[in-house]
*Asks:* 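I have a structure I would like to understand better, so I am pasting it below and will then ask my questions one at a time.
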Amino acid sequence: MAGKIKQMIDTIINQRAKDNAMLVGVIKTKLMLKGIDPSKFTLQSPDDPAIIAKLEAVIKDLK
Amino acid sequence: MHTIKTAYSAKTDLNDVADDIKSQIGDFETNLVVFFASSSFAPEEVSSLMAAAFPQAVTFGCSTAGEIVSGKMLTNSVVAMAFDRQTVKMAKAVVLEDLSRDSYDAFKTLEQHFNKPMAEMDPKQYVGIVLTDGLSGKEELIIDRIGDLTNVNFIGGSAGDDLKFAATYVYANGKSYTNAAVLALIEPVGDFTFVKTQSFCQLPQKLVVTKANEAAREVLEFNHKPAAVAYAEALGTTVADAPNHFMHNPVGLVFEGEPFVRSPQQIKGDSMHFYCSVVEGMELTLLESTDIIADTKKAVDAARQELGGISGIINFNCILRTLELGQKGLSNTYGELFSGVPTIGFSTYGEQYIGHVNQTATILVFR
């Protein structure tokens, strides 16, 4: 399976930034500092369970 | 009319310092006072005297490793910035007394004061300042959690103690705290912006963190090699010589061309310890130092252009930058970059803006 990581990253960015370009940059930077580089993932990226677990933790923290 | 005033005192008796600063601020409807004090002053006393000098204002600050005031870099002094009600509508400083506790507890107090959930606050209307015990090693936990809970930008620095590395303090509303952080939320009347400036160019060498003890800010392996060996190879030198390059060749997490600097602290065995967290999987770029004066001037000029003028600056300037400026005889030149604008700042043990960084100046700029 592929693409889940990209989808999760897009969901996080959309939910927090709500189309505010300045906030999009800030949220992407926050993800980078948490060890997830948004630019490295596409819809073709394999569903790495370790990255998915990290993103699930991020989503939980953001609530 | 927005008014921000600054003052400093190099007197040795704290009662004289507080009187000196109060008299320089003068007849002013002070709403908020931010101050930074040399670690040569007794922590409890400096905080209580500054609060007593401005009883109608919110007061907060921290201990330093050197101070900055409009046009000058100082030591053994107290610097202060006062805001009136025409400049700051509302401000509140809360203390996170136990750094192992969730920042949300402190946020609840801010939400009650501002009568609005932090998650819903407009980052163009509010700004946060975070000051943390500089020896706690907990900065990432705090700034990351803040970022989880709100879109309001928090900027700040880690308290210093003049390179004694014994104890650092944060101050709020007349009290002093260690192993603590001050979270201040401010609603300015005018616009504001942020500067994050670091003076490094990127070298082609990449170091991917393949094994780390993240809680200890320790990298065990870069590129599947012992960390110290890989760093030395990237520099083209020996492990024994590598520490001589730490100040001029830190590493950076680069995002859209902007480095978030991670400064090496020491080599222990084959591992490298940093002043900042490093996470497994991070691709770090080897950096090389450039011109602090030129880069800082350019960054502040850009902020001035963006805002159409500057009425106040708070500069959280890394101690490693201060040391480099001192070595190069450029301390006065750096101070002069901020002459003509009400400015305060201090030499920090770490800087915060979005995340925790090293060898950087994070600067809050008011229109």
Side-chain angles (χ1 to χ4, degrees), chain A, chain B residues 102-104 117-124 128 139-155 193-194 196 206 208-210 212 214 219 252-262 276-285 306 351-358 360:
Chain A
M1 294 291 285
K4 187 171 180 186
I5 293 172
K6 165 77 173 153
Q7 285 173 355
M8 290 175 83
I9 290 170
D10 286 348
T11 300
I12 290 168
I13 292 169
N14 291 337
Q15 282 181 354
R16 280 302 289 263
K18 297 186 173 70
D19 292 331
N20 179 326
M22 184 270 284
L23 283 179
V24 168
V26 171
I27 305 298
K28 283 183 178 176
T29 306
K30 285 177 185 171
L31 287 171
M32 282 281 293
L33 292 166
K34 288 174 186 281
I36 300 159
D37 182 348
S39 68
K40 293 245 159 105
F41 298 97
T42 67
L43 288 172
Q44 282 70 50
S45 301
D47 293 346
D48 180 336
I51 306 285
I52 288 170
K54 211 179 235 188
L55 281 165
E56 282 170 345
V58 169
I59 289 167
K60 194 178 162 200
D61 285 344
L62 290 174
K63 282 181 179 166
Chain B
D102 193 330
S103 307
Y104 183 64
M118 290 293 294
E120 292 175 17
M121 287 187 185
D122 181 354
K124 286 186 176 171
E139 290 93 336
E140 289 90 354
L141 286 178
I142 297 164
I143 194 78
D144 284 359
R145 189 66 183 131
I146 288 171
D148 291 340
L149 295 169
T150 183
N151 284 334
V152 172
N153 288 301
F154 276 70
I155 192 167
T193 192
F194 307 93
K196 182 180 85 66
K206 304 289 183 200
V208 178
V209 181
T210 45
E214 293 170 15
V219 178
L253 178 67
V254 179
F255 178 63
E256 295 182 347
E258 179 80 7
F260 289 74
V261 181
R262 282 53 201 124
C276 218
S277 87
V278 270
V279 177
E280 276 185 20
M282 271 184 177
E283 181 184 274
L284 301 172
T285 299
E306 178 191 338
E351 306 75 58
Q352 287 86 48
Y353 177 62
I354 304 177
H356 176 54
V357 289
N358 305 135
T360 298

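Both backbone and side-chain heavy atoms feed into the values below; hydrogens, waters and symmetry mates do not. Values in this document were obtained by computation on a predicted structure and should not be read as measured data. Chain letters run A, B, ... following the sequence lines, proteins first and then strands; every chain starts at 1.
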*Asks:* Output the distance between atom CZ (B:R145) and atom CG (A:D61), rounded to the nearest 0.5 Å.
*Replies:*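 It is 5.5 Å, given to the nearest 0.5 Å.
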
*Asks:* Pick one of side chain, backbone, both or neither for B:V254, based on which atoms fall under 4.5 Å of a heavy atom in chain A.
*Replies:*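 For B:V254, the contact with chain A is made by the backbone alone.
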
*Asks:* Atom CD in B:E283, atom NZ in A:K40: separation rounded to 0.5 Å?
*Replies:*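 B:E283 CD to A:K40 NZ: 4.0 Å, rounded to 0.5 Å.
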
*Asks:* Drop me the distance from B:I354's CD1 to A:K30's NZ, to the nearest 0.5 angstrom.
*Replies:*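 Those atoms lie 7.5 Å apart.
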
*Asks:* Flag yes if more than 12 heavy atoms outside A:K6 fall under 6.0 Å of its NZ atom; otherwise flag no.
*Replies:*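 Check fails, neighbour count at 12 or below.
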
*Asks:* Nearest 0.5 Å, what's the CZ-OG1 distance between B:F260 and A:T29?
*Replies:*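 It comes to 4.5 Å.
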
*Asks:* At a heavy-atom separation under 4.5 Å, does B:E258 approach chain A through its side chain, its backbone, both, or neither?
*Replies:*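 No part of B:E258 comes within 4.5 Å of chain A.
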
*Asks:* Name the region of A:I36, side chain, backbone, both or neither, that has any atom closer than 4.5 Å to a heavy atom of chain B.
*Replies:*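 Neither part, no heavy atoms under 4.5 Å.
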
*Asks:* Nearest heavy-atom pair of B:M282 and A:L33: which atoms, and what distance?
*Replies:*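 Shortest heavy-atom separation between B:M282 and A:L33 comes out as CE-O, 3.6 Å.
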
*Asks:* Could you please state which residues from residues 10-19 of chain A sit under 4.5 angstrom from chain B, measuring non-hydrogen atom to non-hydrogen atom, sorted by number, or 'none'?
*Replies:*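 Against chain B, the residues of residues 10-19 of chain A that fall inside the cut-off (heavy atoms, under 4.5 Å) are A:R16.
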
*Asks:* When only pairs under 4.5 Å are counted, which of B:D144, B:N151, B:I143, B:V209 shares the most heavy-atom pairs with chain A?
*Replies:*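 The candidate making the most pairs under 4.5 Å is B:N151.
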
*Asks:* Give the minimum heavy-atom separation between B:P123 and A:L23, together with the two atoms involved.
*Replies:*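 Shortest heavy-atom separation between B:P123 and A:L23 comes out as CG-CD2, 4.2 Å.
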
*Asks:* Which heavy atom of B:D148 sits nearest a heavy atom of A:K34, and at what distance?
*Replies:*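 The pair with the smallest heavy-atom distance is OD1-NZ, 3.0 Å.
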
*Asks:* To the closest 0.5 Å, what do you measure between CG (A:N20) and NZ (B:K124)?
*Replies:*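 Those atoms lie 6.0 Å apart.
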
*Asks:* So B:V279 and A:K54, side-chain contact (heavy atoms from CB on, under 4.5 Å) or not? Walk me through it.
*Replies:* CA-CA 12 Å; B:V279 177; A:K54 211 179 235 188; 3.7 Å; yes

